[in-house]
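Every chain is numbered from 1 and lettered A, B, ... according to where its sequence line falls, protein lines coming before strand lines.
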Amino acid sequence: MKETESKHFIQEIVEDDIRSGKFQGRIHTRFPPEPNGYLHIGHAKSICLNFGLAAKYGGLTNLRFDDTNPVKEDTEYVDSIKEDVRWLGFNWDDREYYASDYFGKLYEYAVKLIEKGKAYVCDLSQEEMAQYRGTVIQPGKNSPYRDRSVDENLNLFQQMKNGVFPDGAKVLRAKIDMASPNMLLRDPILYRILHIEHHRTGNAWCIYPMYDFAHGQCDSIEKITHSICTLEFEVHRPLYDWLIRELEIYAPQQIEFARLNLTYTMMSKRKLLELVKGGFVSGWDDPRMPTICGLRRRGFTPESLRNFAEKVGVARRDNVIDISLLEFCLREDLNKRAMRVMGIMNPLKVTISNYPENQVEWMDAVNNPEDCAAGSRKIPFSKEIYIERDDFMEDPPKKYFRLFPGSEVRLRYAYFIKCEEVLKDPVTGEVIELRCSYDPASQGGNSPDGRKVKGTIHWVSVNHALQAEVRLYDRLFVKENPEDCEDCDDYKVNINPDSLKIQTCFIEPSVKEAAKLDKFQFERVGYFTVDYDSTPQKLVFNRTVTLKDSWSKIAGKD
RNA sequence: UGACCUAUGGUGUAAUGGCAGCACAGCAGAUUUUGGUUCUGUUAGUCCAGGUUCGAGUCCUAGUAGGUCAACCA
């Protein structure tokens with residue numbers, strides 16, 4: 001009853017800070033993507049963490065684009081990022097910021113550092129700089145330009161800004177310690193020359209700050225309290241703190257957590273791009289992609305993703321989350337909200353021999369047994385129906401309680417039927433049709449004599465069924481770790497060749513008016529959503545996830 | 001090879017020196033007009049060795065294993 005909700009370590013830090021008044025009790029986070037690609041489920045964890053934390057403790061969250069490298073960035077990405085964050089259910093009001101908004105301020109900061117003798121302009125080439133930097137086990141050595149005078153540095157830096165030098169000719173470096181065991185502290189580069197148009201500042205600048213010189217200072221300008229990032233930035237923290245200290249400006253606190261990893265899933269932006277470019281998927285929003293837009297098209301709900309982010313937890317150790325947890329969160333949410341509908345994936349024709357020719361009855365069907373408010377609908381029943389091929393076996397194993405010669409099953413919401421005759425193709429021997437009898441007294445699915453049937457199967461009326469394209473998606477990779485390949489170095493050998501199967505399905509007419517991204521449960525089959533490609537003339541459904549299937553386990557054991 | 005970080009069932013995450021708990025997955029059963037849902041039960045864990053302590057998953061030391069860092073990327 002009194003579940004004392006357990007807190008993760010960042011919540012503990014925040015609560016301690018609120019108690020001690022560290023930031024006057026404020027909490028202000030930020031989500032800082034670089035607009036150079038599409039957001040994926042790993043970002044979703046970070047988004048939920050940052051926005052969720054602020055919401056929980058009465059704070060605010062900024063959306064800030066870390067656009068300090070014009071080479072890779074584009075407004076196309078900022079638009080998609082905004083759409084995805086909004087879709088996930090988070091709101092940043094008017095707090096939409098860009099690192100590029102602060103280029104002027106950042107330049108002043110750099111000048112201040114030069115004036116304090118803490119930064120210098122360096123002429124070393126990239127190769128030379130790598131040599132001077134040393135290695136993780138060997139200290140580096142000072143650049144010959146390290147002792148330039150403040151005035152010379154000031155002058156040179158201004159010339160860099162004014163476009164006097166070509167790309168790569170000079171950089172601005174912090175003057176810290178070339179022997180530091182932390183490579184990030186060996187006089188890191190603060191500014192580089194890039195004569196490239198920026199998607200927001202155009203050609204106003206030809207020098208651009210590096211991540212390390214931009215990120216912490218932006219956090220500081222925005223009065224961020226807790227700057228949350230992933231573990232690989234841990235070694236940057238001493239530099240983050242050094243810059244803030246030398247600049248003598250407001251100091252946020254950087255906190256690192258372990259990024260999300262998922263079985264059967266790849267998160268690397270570069271490799272995801274490769275999948276798109278190589279045509280292995282149809283695009284960034286292919287329903288097999290772990291991108292937010294891909295998951296959305298697949299049929300995920302924001303609630304399921306938020307709940308997932310909650311369930312995976314926040315900690316500092318590397319983790320690989322089992323994809324089944326994601327599927328659990330998905331089904332849990334879809335079960336509550338998805339309209340039930342009957343659709344036949346692999347049809348087998350059944351003729352009800354004793355049912356009147358040309359008669360049509362409209363059967364009552366519950367829209368969602370988990371939600372009374374969802375109401376009910378009418379489904380047409382007639383002499384000729386389709387059932388699922390899997391729901392008939394001529395020679396069934398034990399515990400098979402669907403249709404077989406002589407058996408009786410319930411047609412959901414309709415009648416009991418009994419299999420009387422099996423028609424086969426004379427050449428191939430394939431079962432092509434079943435002749436069944438129905439019990440008129442069992443209308444609605446119950447027999448007045450109290451007779452029980454073990455199996456209930458779904459069906460559609462042949463003459464009323466709509467034809468729809470269904471896209472059956474499965475995991476993109478066959479290995480838990482897609483990068484794991486023996487005797488090779490290419491994850492692409494692990495791509496699942498059967499990750500997409502396209503079929504026609506026969507579905508009850510009630511879905512005719514379905515709108516894009518509407519969600520359905522095809523009873524006994526799985527959850528489906530209406531794809532963007534769907535039109536009233538040609539319905540297209542994506543399979544989001546199958547239902548749990550305990551029969552296949554039983555059957556598989558024999 | 002150096003510095004730093006991390007280590008709890010199959011997976012993830014709690015236990016803040018005092019009963020190792022929760023979720024997913026698995027297994028077994030009950031309910032069911034979805035072999036779905038729901039409900040019940042159940043299997044399974046503190047990396048290793050020392051130390052501190054009345055008491056250690058937790059603190060200390062050493063080891064082992066994994067991760068991060070040597071872009072003018074973020």
Roughly how many Å is it from [atom1] in [X] to [atom2] in [N], rounded to a whole number?
X: Leu326(A); N: A23(B); atom1: CG; atom2: C1'; result: 14 Å
X: His198(A); N: A74(B); atom1: NE2; atom2: P; result: 10 Å
X: Phe257(A); N: U13(B); atom1: CZ; atom2: P; result: 12 Å
X: Glu483(A); N: G66(B); atom1: CD; atom2: C1'; result: 16 Å
X: Asp241(A); N: C4(B); atom1: CG; atom2: C1'; result: 14 Å
X: Gln521(A); N: G35(B); atom1: CD; atom2: P; result: 10 Å
X: Ile321(A); N: C24(B); atom1: CD1; atom2: P; result: 14 Å
X: Asn307(A); N: C24(B); atom1: CG; atom2: P; result: 11 Å

Before accepting this row, confirm whether a basic side-chain N of the pair [X]/[Y] lies closer than 4.0 Å to the acidic partner's carboxylate O.
X: Asp101(A); Y: Arg200(A); value: yes
X: Arg337(A); Y: Asp333(A); value: yes
X: Glu388(A); Y: Arg524(A); value: no
X: Glu222(A); Y: Arg30(A); value: no
X: Asp371(A); Y: Arg340(A); value: no
X: Arg451(A); Y: Glu408(A); value: yes
X: Asp187(A); Y: Lys175(A); value: no
X: Asp219(A); Y: Arg64(A); value: yes
X: Glu327(A); Y: Lys548(A); value: no

request  = On the 0 to 90° scale, with breaks at 30° and 60°, tag the Tyr97(A)-Tyr102(A) ring pair as parallel, tilted or perpendicular.
outcome  =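 Ring orientation, 0 to 90° scale: tilted.
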Classify the nucleic acid contact of [X] as base, sugar-phosphate or nothing, counting any heavy atom under 4.0 Å across all strands shown.
X: Asp549(A); value: sugar-phosphate
X: Glu256(A); value: nothing
X: Val314(A); value: sugar-phosphate
X: Pro369(A); value: base
X: Tyr400(A); value: base
X: Arg410(A); value: base
X: Val320(A); value: sugar-phosphate
X: Tyr208(A); value: nothing
X: Ser180(A); value: nothing
X: Glu523(A); value: base

[X]: what forms a ring-ring contact (aromatic ring centres under 6.0 Å, His included) with it, not counting sequence neighbours?
X: Phe300(A); value: none
X: Phe522(A); value: Phe528(A), Phe541(A)
X: Tyr109(A); value: none
X: Tyr77(A); value: Tyr38(A)

ask   = At under 4.0 Å, does any side-chain N or O of Arg340(A) touch on OP1 or OP2 of G36(B)?
value = no
request  = Determine: side-chain N/O of Ser552(A) to OP1/OP2 of G35(B), distance under 4.0 Å, yes or no.
outcome  = no
Between the protein and nucleotides 37-43 of chain B, which nitrogen or oxygen pairs are less than 3.5 angstrom apart?
| unit_1 | atom_1 | unit_2 | atom_2 | d |
| --- | --- | --- | --- | --- |
| U37(B) | O2' | Asn335(A) | ND2 | 3.3 |
| U37(B) | O2' | Glu370(A) | OE1 | 3.2 |
| U37(B) | O2' | Glu370(A) | OE2 | 3.2 |

List, with names and distances, any nitrogen or oxygen atoms from the protein found under 3.5 Å away from nitrogen or oxygen atoms belonging to nucleotides 29-32 of chain B.
none

request  = Scan residues 228-244 of chain A for pairs that pass salt bridge (Lys or Arg N to Asp or Glu O under 4.0 Å), counting only residues two or more places apart or in two chains.
outcome  = Glu232(A)-Arg259(A), Glu234(A)-Arg316(A), Arg237(A)-Glu256(A)
key: Donor-acceptor pair present, Arg402(A) side chain and G35(B) base, under 3.5 Å   =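 In this structure, the two groups form a donor-acceptor pair.
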query = Would you say the side chains of Tyr527(A) and Gln521(A) form a donor-acceptor pair under 3.5 Å?
reply = yes
message = Say we look at A23(B) and A14(B): how far apart would their P atoms be, to the nearest angstrom?
response = 15 Å
key: G21(B) to G9(B) separation - P atoms, rounded to the nearest Å   = 14 Å
ask   = Would you call A25(B) syn or anti, using the 90° rule around 0?
value =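 Anti for A25(B); the angle lies over 90° from 0.
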Report the nucleotide, chosen from [options], that has the shortest atom-to-atom distance to any side-chain atom of [X].
X: Glu234(A); options: U11(B), C4(B), U13(B); value: C4(B)
X: Ser6(A); options: A14(B), U34(B), G35(B); value: A14(B)
X: Ser324(A); options: C24(B), G35(B), G36(B); value: C24(B)
X: Ile554(A); options: U13(B), G35(B), U34(B); value: G35(B)

remark   = Asp66(A) meets the side-chain hydrogen bond (donor to acceptor under 3.5 Å, both in side chains) criterion, sequence neighbours left out, with His215(A)
Hey, what are the protein-to-nucleotides 69-72 of chain B N/O distances that come in under 3.5 Å?
| unit_1 | atom_1 | unit_2 | atom_2 | d |
| --- | --- | --- | --- | --- |
| A70(B) | O2' | Arg133(A) | NE | 3.4 |
| C72(B) | OP2 | Arg133(A) | NH1 | 3.4 |
| C72(B) | N4 | Leu124(A) | O | 3.3 |
| C72(B) | N4 | Gly168(A) | O | 3.0 |

request  = Among residues two or more places apart or on two chains, list those pairs meeting ring-ring contact (aromatic ring centres under 6.0 Å, His included) that have a residue in residues 442-461 of chain A.
outcome  = Phe381(A)-Trp459(A)
request  = With side chain to side chain donor-acceptor pair (under 3.5 Å) as the test, would you mind laying out the steps for Glu361(A) and Tyr415(A) before giving the verdict?
outcome  = CA-CA 11 Å; Glu361(A) 283 179 277; Tyr415(A) 292 103; 2.6 Å; yes
query = Could you write out RNA chain B as a dot-bracket string, with dots for unpaired bases, | for bases paired across to another strand, and Watson-Crick or G-U pairs counted at under 3.5 Å?
reply = .((((((..((((....[..)))).(((((.......)))))....(.(((..]....))).))))))).....
request  = Encode nucleotides 58-64 of chain B as B, S and - characters from 5' to 3', where the letter depends on protein heavy atoms closer than 4.0 Å: B to the base, S only to sugar-phosphate, - to neither.
outcome  = -------
